[in-house]
Amino acid sequence: MNVTRRDFVKICALTAISAGIGSKYFELATSAEKRDEELKVVRSTCSPNCTGACAYNAYVYKGRIVQLIQAADYPEAEYNPRGCLKGQSMLNLIYGPDRLKKPLIRVGERGEGKFKAVSWDEALDYVADKLAEVMKKYGPESVALSIQVPGTGYVHKGAAIRLASMFGWSVLHGYTMNGDLPAFWSQTFGVQTEEFESLEWVNSRYIAIFGSNILVTRLPDAKFLSIAKERGAKVIMVDMNFTPTAAKADEWIQINPSTDAALALGIVNVIINEKLYDEDFVKTYTDLPLLVRLDNQKRLRAYEIKELKDEAEKMKEKIPEYRDLFVVYDVKEKRFKIVNPETLERDFEPALEGEFEVELVDGRKVKVKPVFQLVKELVNKDYTPEKVAEIITPPGRSKEEYVEIIKRLGREMGTVKPLHIIYGASNYQWFHGDLKGRALSLIVALTGNIGKPGAGISTYAGQFKIRWPLGMWWSFKGRKPNWVTFLLWLNKEYRQSEEFRKYNRETPYPKNDVKAFVFGWNNPFDQHNMANRLKEMAKSGELELIVAIDFQQTTSTKWADVVLPGVAWYEKYELTATILHPYVQLQQPAIEPLFECMPEIWIFKEIAKRLVERWDDPELKAQIEEFYPDPELFRREEEARKNGTWSLKLAREIANEASLKAAELMLGKHEFTKNITLERLLKEGAVRLNLPAPNNRQIPFWEQIQEKKPFPPPSYPAPLPKTARFVKSGRIEFYKEEDVFIDFGETLPVHKDPFVDTEYKVNPEAKNKYKFAYVTRNALYRVHSTHSNNLTMLELQDFRPRVWMNPETAKEKGIKEGDLVEVYNDRGKVYGYAVLDPGIHPRVIIFEQGWWSRYLRGASYNTLTFPWVKATHLAYFVPGIWEPTTCWNETACDVRKV
Ligand SMILES: Nc1nc2c(c(=O)[nH]1)N[C@H]1C(S)=C(S)[C@@H](COP(=O)(O)OP(=O)(O)OC[C@H]3O[C@@H](n4cnc5c(=O)[nH]c(N)nc54)[C@H](O)[C@@H]3O)O[C@H]1N2
Ligand SMILES: Nc1nc2c(c(=O)[nH]1)N[C@H]1C(S)=C(S)[C@@H](COP(=O)(O)OP(=O)(O)OC[C@H]3O[C@@H](n4cnc5c(=O)[nH]c(N)nc54)[C@H](O)[C@@H]3O)O[C@H]1N2
Ligand code: SF4
Ligand SMILES: [Mo]
């Protein structure tokens, strides 16, 4: 459908359907019939950064939302209803005391929170003047934008990236800022991330959860775990701590902090030695049969071998440059054979074990072994059940018991199918999170549990994967922004380090540093790594301009020079699509934006418009009307300004129309979104994406396993050649041969203790001073810091931040239940009330992230964390796919009574 002006009016009418519902939810001072007549219902979705995207109906009376109720209208009944108490009580934020009313310009010191309310024109002119100044002084890439994950809204975040693209600003990637980029995905599978939709959980017969608190962090999907259990699945929970999810599992296995790789390799040991692996799967889909040279630890290439050189050179011409030609030893033909990386059809019978000698082109003879053989040697040497038990067994527990557990888990995971491993965010948000993910992937690959119903490995974090090409809206006339890693911004020392110079090949960074910071959809001064460093940059003036866009005054907007009031998700048109239930949905405005708040698309358009006037780029100046997807819309508003008929109301109407047009631009152009139209979204509410597996199910790697297409599938928006070079063999790769992996001893997944390469390396004293892991898991009562100020949620927590610890820890520190305590390290401190919980590991202190500093005596829980960069994340750079990612839990601390 091509939206015309008349269509738009029709759509608005469609949006507002009258509904005759009863009055039991609220009291209104009017007669029941009259009220019902005037009550309208608008379908939208909740969409904070929690991967929920739950469908909600907003009940609107006299221009005010009076109730939010789950829409429960998904075509697949199993998905109904979706929601949680946070979504339900969102009115506390929309109409809450922190709601922004007008644009603000700072009058006090930065961070003091003193502002004057100004007109939109004044605020926008101020922003444009300052931005132009920074751009002229330092170059446009010194302006850095940070937004959040796209799945919660493609239209307005798209407008932000469109603006950044126009002028070549830097964009700080949200996934790496969050730590939501598990590097093992790109290292092993060549993709950004992949995961099952939750409806697929019920097809598993064994669900092994490694540190993912489904019952808290996947509330609307948690029921599928119970259904899986009813259908006969076993659920095990491996976690350092007892959690609500552990309570619902058949078994909770407590291990030492960040020792999951050791456990996984112990399981692999059992699977290999008891021959429980799926030989055909291993030979066909993985790099385990490929040969590795023992002299240089690199893979053996076909053109290095005398007998294969000619054949290899011919073949090389036929394969894309991002692939390479590797070699197996064929046991039937008793010779070396080239593996075609462009197909997974197998025309060889490879040796998995043994050692071979090969003659190189120069006549030298070198020894080679299949990756499988190397894995077997590794697990037999370092990861026997006995050795693993030494690493993972918590203090006070029996190691013998753990030896038996490891053996049993190996046998169960080696035999019960389909197996699904869920690897949680908190678990990979450690320095060696990539190694843990690679080790866990080995379990599912060895057992052939990939690309089949109920079989796979998933990481549920951020709003991944459900992405299709978005360039038609996100980039402006082919211009692209300059993607930058958030951690490199914060960690200046690392940027200047020898290690960075040695391993970083491609990661860009603005040459004059970041001088202006524009943020929306996040709370960086509290919620992000090294909150204190950001505050220092603000205080010292190193940041010359800070602009915040939010619908409420947060602990971060307080640090801004200018605060621009955006809108919440019941006040605009927006497109959402998230992984756990793969539907495209349209958010619709139930009410007009409150006060002087404006849809973000308009805010970015106004900044762009003002900036072209101050920036010397005639081409952009000539094209500015095209910032809105239809230049006519841009002109309509400008004409109204000229002839004096402009009003906020008119600007909002036009912005809504532009939002729908932008949504339309992104639909129907890709196989995932074909047949999905605005009209359908309006009529049907939620429309399932067209995904490769039968019934459009979200089953990762379906095409690779079932149709034998080479790895990786594309990770939009990156073009395939950018990511396919991560797995040059076209297969799932467990052996990494880039120099950094060789230097780090990580060519194969191994276990490495937490803190040794980070906290204790930079400060050896920390080993004695800070013996506890500071684990900042996600809270039931908030989505990160969103809902920190929600009265309903605050009441449920007695308005009290809490610090969980083992009773033994408390005894050692003289702390009693309910005492006010301080968790600290050399970088900072945070406060909370002690909860003594025997389910918490004795070397762990838990603080649930997301509390605004005003509830923490002004402290900020992220002052304790540090932006560690692991060099294996620098081997390639593809924004949001392979780049350094945050590891919150790699933080050592101590605790004391206040
Ligand atoms: N209610 C709510 N839901 C949310 C969010 C929210 O803020 N609130 N945020 C959303 C987002 S963006 C994300 S990324 C996800 C994150 O969701 P999850 O992946 O569930 O992350 P967490 O809740 O932080 O931690 C899960 C568990 O990991 C355990 N853990 C930590 N380290 C280790 C380890 O080394 N080994 C093992 N085995 N376990 C470990 C912790 O003890 C904790 O119980 O949640 C999403 N859902
Ligand atoms: N220590 C520690 N820190 C962590 C984590 C951890 O485990 N430990 N987890 C990390 C993870 S996984 C994540 S994903 C991040 C999340 O961190 P953030 O992305 O910073 O998430 P929130 O704190 O929820 O901030 C979202 C902000 O966006 C605003 N907002 C929401 N919707 C809209 C909208 O439509 N328009 C506008 N203009 N504003 C809107 C909200 O009001 C809120 O202020 O936190 C990370 N921080
Ligand atoms: S907060 Fe998340 S889980 Fe709760 S209703 Fe909103 S989208 Fe759904
Ligand atoms: Mo996240």
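Whatever order the structure lists ligands and atoms in, that order sets their numbers, starting from 1.
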Original post:
Any side-chain heavy atom of Q88 within less than 4.5 Å of one from L85?
Top reply: yes
**OP:** Could you tell me how the ring of F525 sits relative to the ring of W559: parallel (under 30°), tilted (30 to 60°) or perpendicular (over 60°)?
**Re:** parallel
Subject >> Which of the ligand 2 atoms, numbered from 1, are nearer than 4.0 Å to a heavy atom of K572 >> reply: 34 (C), 35 (O), 36 (N)
Subject >> Contacting atoms of ligand 2, where contact means under 4.0 angstrom from a heavy atom of Q552 >> reply: 42 (O)
Original post:
Hey, which atoms in ligand 2 end up nearer than 4.0 Å to a heavy atom of D180?
Top reply: 12 (S), 14 (S)
**OP:** May I ask you to list the atoms of ligand 2 that are less than 4.0 angstrom from any heavy atom of Q429?
**Re:** 7 (O), 12 (S)
Original post:
Is there a side-chain hydrogen bond (donor to acceptor under 3.5 Å, both in side chains) between T152 and K157 once you walk through the steps?
Top reply: CA-CA 9 Å; T152 57; K157 287 179 191 126; 2.2 Å; yes
Original post:
Any N or O of N523 that comes nearer than 3.5 Å to an N or O of ligand 2?
Top reply: yes
**OP:** Side-chain contact test, heavy atoms from C-beta onward, threshold under 4.5 Å: evaluate it for P593 versus K572 and give yes or no.
**Re:** no
Original post:
Tell me: protein heavy atom nearest atom 2 (Fe) of ligand 3, and distance?
Top reply: C50 SG, 2.3 Å
Subject >> Under-4.0 Å heavy-atom contact with ligand 3, by part of A53 that carries it >> reply: backbone
**OP:** May I ask you to identify, for M177, whether its side chain, its backbone, both or neither come under 4.0 Å of ligand 2 on a heavy-atom basis?
**Re:** neither
Subject >> Numbered atoms and elements of ligand 3 in range of G52, under 4.0 angstrom, heavy atoms >> reply: 7 (S)
Original post:
What part of T786 sits under 4.0 Å from ligand 2 if we count only heavy atoms: the side chain, the backbone, both or neither?
Top reply: both
Original post:
Which heavy atom of the protein is the closest neighbour of atom 8 (Fe) of ligand 3, given with residue, atom name and distance?
Top reply: C54 SG, 2.3 Å
Original post:
Y770 and side-chain hydrogen bond (donor to acceptor under 3.5 Å, both in side chains): which partner among T891, D826, D894?
Top reply: D826
**OP:** Under 4.0 Å, heavy atoms only, figure out whether ligand 2 is touched by the backbone of V783, its side chain, both or neither.
**Re:** backbone
Subject >> Aromatic contact, H787 with Y781 (centres under 6.0 Å) >> reply: no
**OP:** Enter the distance from Y175:OH to E883:CD here, rounded to the nearest 0.5 Å.
**Re:** 11.5 Å
**OP:** Answer whether the closest heavy-atom distance between the side chains of S146 and N522 falls below 4.5 Å.
**Re:** yes
**OP:** Please name the pair of heavy atoms, one in P257 and one in W430, separated by the smallest distance, quoted to 0.1 Å.
**Re:** CB-CH2, 4.0 Å
Original post:
Parallel, tilted or perpendicular: which fits the ring planes of F551 and W569, with parallel below 30° and perpendicular above 60°?
Top reply: perpendicular
Subject >> Flag side-chain contact, heavy atom, 4.5 Å: N789 against Q552 >> reply: yes
Subject >> C46 near atom 2 (Fe) of ligand 3 via N/O/S, less than 2.8 Å >> reply: no
Subject >> Proximal atoms of ligand 3 relative to G83 (non-hydrogen, under 4.0 Å) >> reply: 5 (S)
Original post:
For ligand 2, is any non-hydrogen atom under 4.0 Å from E600's backbone (N, CA, C, O), its side chain (CB onward), both, or neither?
Top reply: side chain
Original post:
Do NZ/NE/NH1/NH2 and the carboxylate oxygens of E197 and R688 come within less than 4.0 Å?
Top reply: yes
**OP:** Provide the number and element of each atom of ligand 2 under 4.0 Å from a heavy atom of N862.
**Re:** 1 (N), 2 (C), 3 (N)
Subject >> Verdict with reasoning, Y774 to F772, per ring pair (Phe, Tyr, Trp, His ring centres under 6.0 Å) >> reply: CA-CA 6 Å; Y774 175 63; F772 298 92; over 10 Å; no
Original post:
For ligand 2, which part of Q527 has a heavy atom less than 4.0 Å away: the side chain, the backbone, both, or neither?
Top reply: both
Subject >> Ring centroid separation F210 to Y423 under 6.0 Å >> reply: no
Subject >> ligand 2 atoms in contact with W569 (distance to a heavy atom under 4.0 Å) >> reply: 31 (C), 32 (N)
**OP:** Report, in ascending order of atom number, the atoms of ligand 3 lying under 4.0 Å from any heavy atom of P48.
**Re:** 1 (S), 6 (Fe), 7 (S)
**OP:** Have a look at V567, T776, L864 and point out the one with the heavy atom closest to atom 6 (C) of ligand 2.
**Re:** T776
Original post:
Quick check: does C84 have an N/O/S atom under 2.8 Å of atom 4 (Fe) of ligand 3?
Top reply: yes
Subject >> Side chain, backbone, both or neither: H528 near ligand 2, heavy atoms under 4.0 Å >> reply: side chain
Original post:
Hey, which atoms in ligand 2 end up nearer than 4.0 Å to a heavy atom of T554?
Top reply: 44 (O)
Original post:
Strictly under 4.0 Å, does any heavy atom of H156 approach an atom of ligand 2?
Top reply: no
Original post:
So do P589 and Y573 actually touch side chain to side chain, heavy atoms under 4.5 Å?
Top reply: yes
**OP:** Could you tell me which atoms of ligand 2, counted from 1 in the order shown, lie closer than 4.0 angstrom to a heavy atom of I549?
**Re:** 38 (N)
Subject >> Check: W602 and W120 side chains under 4.5 Å, non-hydrogen atoms >> reply: yes
Original post:
Which residue from W521, Y774, W852, F525 reaches closest to atom 34 (C) of ligand 2 through any of its heavy atoms?
Top reply: W521
Subject >> ligand 3-proximal atoms of P220, by part, heavy-atom distance under 4.0 Å >> reply: side chain
